[in-house]
A.B. asks: 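Pasting in a structure now, in structure tokens, and then I'll have a few things to ask.
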Amino acid sequence: MRFLFDPEVNWKHPFVLLTGLTAVIASGSVVLLFLFLIVQSLPIFSAMGLEFFSGSDWIPGESYSVWPLVYGSITVTGLALVWVLPLALGSALYTSEYLPPRWRSVVKATMELLAGVPGILFGLLGVSFLAVWVQDVFGLIDGNTLLTASFLLAGMVLPTIMTLAEDALRAVPFEYREIARALGLTSSEITFGVVLPQALPGVVGAVLLGLGRAMGETVAVMLVIGGLDRLPNPWFDVTQPGQSIPSKLGREAAEALGSGLHWNALIASGLVLFLMVMVISLVGTRLLNKGNKMSREDCCGVGGGNEPSVKILVGKN
Amino acid sequence: MNRQLKDRILRWVLASSAIAGCSLLALILIAVIWRGHSAINIDFLFGAPGNFGEGGIFYQALGTLLLMLGAGVLSFPIALGSALFQTEILRPGKTAELFQLLMYSLNAVPTILFGLIGFMVFGVWLDIGVSWTTGVFILAVMISPTVQTVMRQSIEAIPEHYQETARALGLSPWQRVRAVVLPQSAYGLVTGVLLGLARAAGETAAIMFTATVFSGILFPETWTEPVLTLQTHILTLAQEAVDPNTVANAWGAGLVLIGIVFFLISLSLVIRSRLSLEADS
């Protein structure tokens, strides 16, 4: 015990007991949530077996298959990432490398406000503008498609990715930039040749965290994805309606509450969503922390921290 | 292509993407104000709801504030306690890592899952059904990692020698917390709560089938009654409204909601910028 806790700690002290209790409540709730998901989804696994993952239909009362929903979730978030990545990384690089501190904090504040825009407002914007535009531009009967949802998600995760990537870029020690400047490199050469490669793990982590957030987004996606539980035909045609796991849960949870297999199937889809989001987010968090820690160690090392940047410079030119 | 020219082009490319990113916020605000301003008047803001989406949104706004404040009050002690436990009592090691991992996980959980499982735990087991109390419980769990993270960071930002001085004086953990940690991190604690409240006010998925109804009630009078909220009001109108007036009301409600959320976030930004000014001087 004394390796884990401060040895002076008096465990009988009410302060220690109370904070310990709140810590157990906070951290225990995610464990409980996970256990609940597993226990409540067991019936569907024993009823459907692997069919639950490989089938292609979701007909309440007959068969349940999570595969179209997984496909929808992955397609929508993947596409959103493609749309948002250039914009998010571009603004992160510009904010971190070019903007003076005052403007930088303005951009960061803007991103924080943008991240706070309620999901339901994105949904309202999607229904009133985006779906109509997609319908007109692609000449569709219905503007509620996988593509529409991916555009909407791109806007929603922009601030998350941008702000975290910017932090990762800022964590690269200043000596690197100074040395590169002294070697006569231009600003863009420093940005892309020195800072970005050094910050890459953190930037990838930021992107993964944004992806995790996009995957769990419910209301906005629910309003514009179309709500059709099957694979598009052909499978790559994203201008057809589809379904993602959270949107499915949001649509059907109310009517399926406690109603046998249908409810269990929804919870099992929730479990699949939980596992996907957890893997992505925890890998992202690890990369982000590792990136930030690495650059901090580099900056404190004597001289050693300067070597990598010089190597990169030599390699680039 | 010469290097200077390439540098200049890349700079413009990056600058324009930054401008595009920031103008997204402006676009959203313009769209919401453009569509919503016509609905805003005294009757709309302070009136009771009428038939489907007509009338005012006073009780919806009240419901949003009720759920938000309830969740804030419930999650404050949990977040503060666990932040103190993590910073003052846990030592770096396996337990601390595990705890941090669990907090990261809690933060990453999709909100709809809080709705699903929260309803099983609070609604069914505690037998309070679809009610505002269920919503408060669910939102409290949902925002606690946000609040806890901001609180922990502000506690960790207290200069090391303050803590060392307190230890050298032989203060107990509780005395240290009261004399050093709480006064020195007070702004950070407030910021954490504000951001948590903003998150609760903007949340829809976790409460849409666990705490709210669209009509049939004004304000809950008992523990087990559901509540009207702005978020679910907009959701229903976004799905079903066709009449232009009703649609305008949805945007008006959206304008009020975004106003509440932005007020909370801006307040936290102001507090933090003042804090960093103090740290610089």
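Residue numbers begin at 1 in each chain, while the letters A, B, ... track the order of the sequences. Note that the structure is predicted; figures quoted are calculated from it, not measured.
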A.B. asks: Determine whether a donor-acceptor pair (N or O, by modelled atom type, separation under 3.5 Å) exists between the side chain of A/Thr218 and the backbone of B/Ala205.
C.D. replies: no
A.B. asks: Does any backbone or side-chain atom of A/Val117 lie under 4.5 Å from a heavy atom of chain B? Answer side chain, backbone, both or neither.
C.D. replies: both
A.B. asks: What's the spacing between A/Glu252 CD and B/Phe209 CZ if we round to 0.5 Å?
C.D. replies: 11.5 Å
A.B. asks: What distance do B/Met120 atom CE and A/Leu33 atom CG have between them, rounded to the nearest 0.5 Å?
C.D. replies: 12.0 Å
A.B. asks: To the nearest 0.5 Å, what is the distance between OG1 on A/Thr285 and CD on B/Gln100?
C.D. replies: 9.0 Å
A.B. asks: Quick check: does any side chain N or O of A/Ser188 sit under 3.5 Å from a backbone N or O of B/Arg11, one acting as donor and the other as acceptor?
C.D. replies: no
A.B. asks: I'd like to check A/Val30 versus B/Met103 (side-chain heavy atoms, cut-off strictly below 4.5 Å). Are they in contact?
C.D. replies: no
A.B. asks: Given heavy-atom pairs under 4.5 angstrom as the criterion, report whether the side chain, backbone, both or neither of B/Ile117 touches chain A.
C.D. replies: side chain
A.B. asks: With rounding to the nearest 0.5 angstrom, report the SG to CE distance, B/Cys22 to A/Met162.
C.D. replies: 6.5 Å
A.B. asks: Under 4.5 Å, counting heavy-atom pairs only, tell me which of A/Leu32, A/Val219, A/Leu124 racks up the most with chain B.
C.D. replies: A/Leu124
A.B. asks: Drop me the distance from A/Met111's CE to B/Leu25's CG, to the nearest 0.5 angstrom.
C.D. replies: 8.0 Å
A.B. asks: Would you call A/Ser29 and B/Leu106 a side-chain contact if the rule is heavy atoms closer than 4.5 Å?
C.D. replies: yes
A.B. asks: Measuring only between side-chain heavy atoms, which start at C-beta, is A/Pro118 closer than 4.5 Å to B/Val261?
C.D. replies: yes
A.B. asks: Given a strict heavy-atom distance threshold of 4.5 Å, which part of A/Phe274 is in contact with chain B: side chain, backbone, both, or neither?
C.D. replies: both
A.B. asks: According to the interplanar angle, ranging from 0 to 90°, do the rings of A/Phe129 and B/Trp34 count as parallel (below 30°), tilted (30 to 60°) or perpendicular (above 60°)?
C.D. replies: parallel
A.B. asks: Report the distance from atom CD1 of A/Ile120 to atom OG1 of B/Thr232, rounding to the nearest 0.5 Å.
C.D. replies: 8.5 Å
A.B. asks: With sequence neighbours left out, which residue pairs that include part of residues 196-210 of chain B fulfil the side-chain hydrogen bond (donor to acceptor under 3.5 Å, both in side chains) condition?
C.D. replies: B/Thr111-B/Glu203, B/Thr146-B/Arg199
